[in-house]
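Counting from 1, the numbers follow the sequence of the chain as shown. Note: hydrogens, waters and symmetry copies are ignored here, and every other heavy atom, side chains too, is used.
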Amino acid sequence: MKQKVLIAILVVILVAVPIVSRTFFTVHETQKALVIRFGKVAAVHDKPGLYVKDPFFAKIRYFDSRLLTMDIEPRQIYIAQKKIVIVDSFVKWRIVDPFKYFLTTGGLESKARGLLDPQVNSSLRNAFEKKTIREVVSADRIEIMATITKIADESARKIGISVLDVRIKRIDLPDEISESVYKHMRAERLKIAKQLRAQGSAEAEKIRAEADKEKRIILAEAYSKAEKTRGDGDRKAAALYSQAYRQYPEFYAFYQSMKAYEASFKDRKDILILDSDSEFFKYFKRAR
């Protein structure tokens, strides 16, 4: 009897384990899951946890909810004035609505990429179609990429995808346009450089004029002070000479004569012709 009971328990365990394993399933943090019964979606689970399903007729489809990257092949895009630029970009996206995603793509990432590519391409064209060459080359790309991301996300939501970011890796110009843009930019830079040089020359002239003006003022003030100082000195000297003359008239006359002799005979080549009885030589006569 005991043997039959053990056999029955063993049979129950063997039958129950597969049923239990097929009844319970886990959704991880990086996943979203759909419960599909008879080809139709019976339940959507977009949060992590342990869930229950029909063990016999229900199947589970898991989808990666992490951030995914898709490179966009470089492509030619028309901008304003019917010019062409070559845009190289990539997209950051994730699945946000597994039900829509499953209905539109069958759960195939390759098909999702195929649907997402033209939508991003369309958003790129919409963002660039009114831009000029100058704006494309020099404008703030953050603003352009934000616009592209917004347009692409609105379209991608229809297939259960959220576009978080569209990044432009580089923007190239065809050779003939590159040369034209280069010449135009070079001409602009030369024009700006010429204007800056002209402004610099004008400022330099202004600075030189101010410096010359200050120089003339300083020299005039210095000359005025020098003349005043010289006048004061001459006045003091004259007063001293006058005082000396009054106190010692004979010595003063002698001193003045000595200065006259010194001035007259500075060089051996100097010749002075005077009468020997001239008053000029009166101190020489006394010396004899």
In sequence, state the C-alpha distance, the side-chain angles, and the governing distance for L34 and I60, and then conclude on side chain to side chain contact (heavy atoms under 4.5 Å, CB included).
CA-CA 6 Å; L34 295 180; I60 305 299; over 6 Å; no

Is it true that, when you exclude K158 itself, more than 12 heavy atoms of the residues, nucleotides or ligands shown sit nearer than 6.0 Å to its NZ?
no

I'd like to know if F99 and I161 are part of one continuous hydrophobic network [Ile/Leu/Val/Met/Phe/Trp/Tyr, side-chain heavy atoms within less than 4.5 Å].
yes

Test: R208 and E205 ion pair at under 4.0 Å:
yes

Quick one: does R157's side chain get under 4.5 Å of S162's, heavy atoms only?
yes

One pair to check against salt bridge (charged side-chain N to carboxylate O under 4.0 Å, His left out): R235 and D232. What are the steps and the verdict?
CA-CA 5 Å; R235 186 173 63 255; D232 292 340; 2.8 Å; yes

Tell me the closest heavy-atom pair linking I86 and Q76, and the distance in Å.
CG1-CG, 4.0 Å

Which value, rounded to the nearest 0.5 Å, describes the distance between F57 atom CZ and R37 atom CZ?
9.5 Å

Under a single-linkage definition using a 4.5 Å side-chain heavy-atom cutoff for Ile, Leu, Val, Met, Phe, Trp and Tyr, are I144 and L164 assigned to the same hydrophobic cluster?
no

S201 side chain to R197 main-chain N or O, any donor-acceptor pair under 3.5 Å?
yes

Report the distance from atom CD1 of I192 to atom CD of Q199, rounding to the nearest 0.5 Å.
10.5 Å

Taking every heavy atom of L115 against every heavy atom of Q119, the minimum-distance pair comes out as O-CG, 3.4 Å

Are F102 and L108 connected into the same hydrophobic cluster when the rule is that any two of I, L, V, M, F, W, Y join if their side-chain heavy atoms are below 4.5 Å apart?
no

Could you go step by step and tell me if Y101 and D97 meet the side chain to side chain contact (heavy atoms under 4.5 Å, CB included) rule?
CA-CA 6 Å; Y101 182 79; D97 189 334; 6.0 Å; no

CD1 on I217 to CG on D212, rounded to 0.5 Å
11.0 Å

Distance check, rounded to the nearest 0.5 Å: K92 atom NZ versus M70 atom CE?
12.0 Å

CD1/I95 to CD/Q31 distance, rounded to the nearest 0.5 angstrom?
11.0 Å

Taking V120's backbone N and O only, do any of them form a donor-acceptor pair with S123's side chain (distance below 3.5 Å, no angle check)?
yes

Ionic contact status for E227 with R230, cut-off 4.0 Å
yes

List the atom of A112, the atom of W93, and the distance in Å for their closest heavy-atom pair.
CB-CH2, 4.3 Å

Inspect the contact between R113 and E109 and indicate whether a charged nitrogen and a carboxylate oxygen are less than 4.0 angstrom apart.
yes

Does atom CZ of F90 have more than 12 heavy-atom neighbours, drawn from other residues, nucleotides or ligands, at distances under 6.0 Å?
yes

Pair D153 + K150, salt bridge at N-O below 4.0 Å:
no

Over all atoms of both residues, closest heavy-atom pair of N121 and R75
OD1-CD, 2.9 Å

Determine, step by step, whether I168 and F128 satisfy the side chain to side chain contact (heavy atoms under 4.5 Å, CB included) criterion, reporting the C-alpha distance in whole Å, the side-chain angles of both residues, the deciding distance to 0.1 Å, and the verdict.
CA-CA 12 Å; I168 298 173; F128 279 97; 3.7 Å; yes

Which is it for V91 and I72 under the side chain to side chain contact (heavy atoms under 4.5 Å, CB included) test, yes or no, and what are the steps along the way?
CA-CA 7 Å; V91 183; I72 305 295; 3.8 Å; yes

For R125 and I77, the nearest pair of non-hydrogen atoms, with its separation, is NH1-CA, 3.9 Å

Mind checking the CG-OG1 spacing from D71 to T69? Nearest 0.5 Å is all I need.
7.5 Å

Measure the acute angle between the ring planes of Y51 and H45, then classify it against the limits of 30° and 60° as parallel, tilted or perpendicular.
tilted

Looking at side-chain heavy atoms only, is the closest gap between V163 and L116 below 4.5 Å?
yes

Within the side chain of R94, is there an N or O that forms a donor-acceptor pair under 3.5 Å with the backbone of S65?
yes

Taking all heavy atoms of K111 and all of T105, pick out the closest pair and write down the distance.
CD-O, 3.4 Å

With distance as the sole test, does T149 use its side chain to make a donor-acceptor pair with the main-chain N or O of V166 at under 3.5 Å?
yes

Is there a path of hydrophobic side-chain contacts, each under 4.5 Å between heavy atoms of I/L/V/M/F/W/Y residues, joining L219 to Y223?
no

Is there a chain of hydrophobic side chains (I, L, V, M, F, W, Y, each step under 4.5 Å between heavy atoms) that links F63 to L68?
yes

Surrounding CD of E73 (heavy atoms of other residues, nucleotides or ligands, distance under 6.0 Å), is the total greater than 12?
no

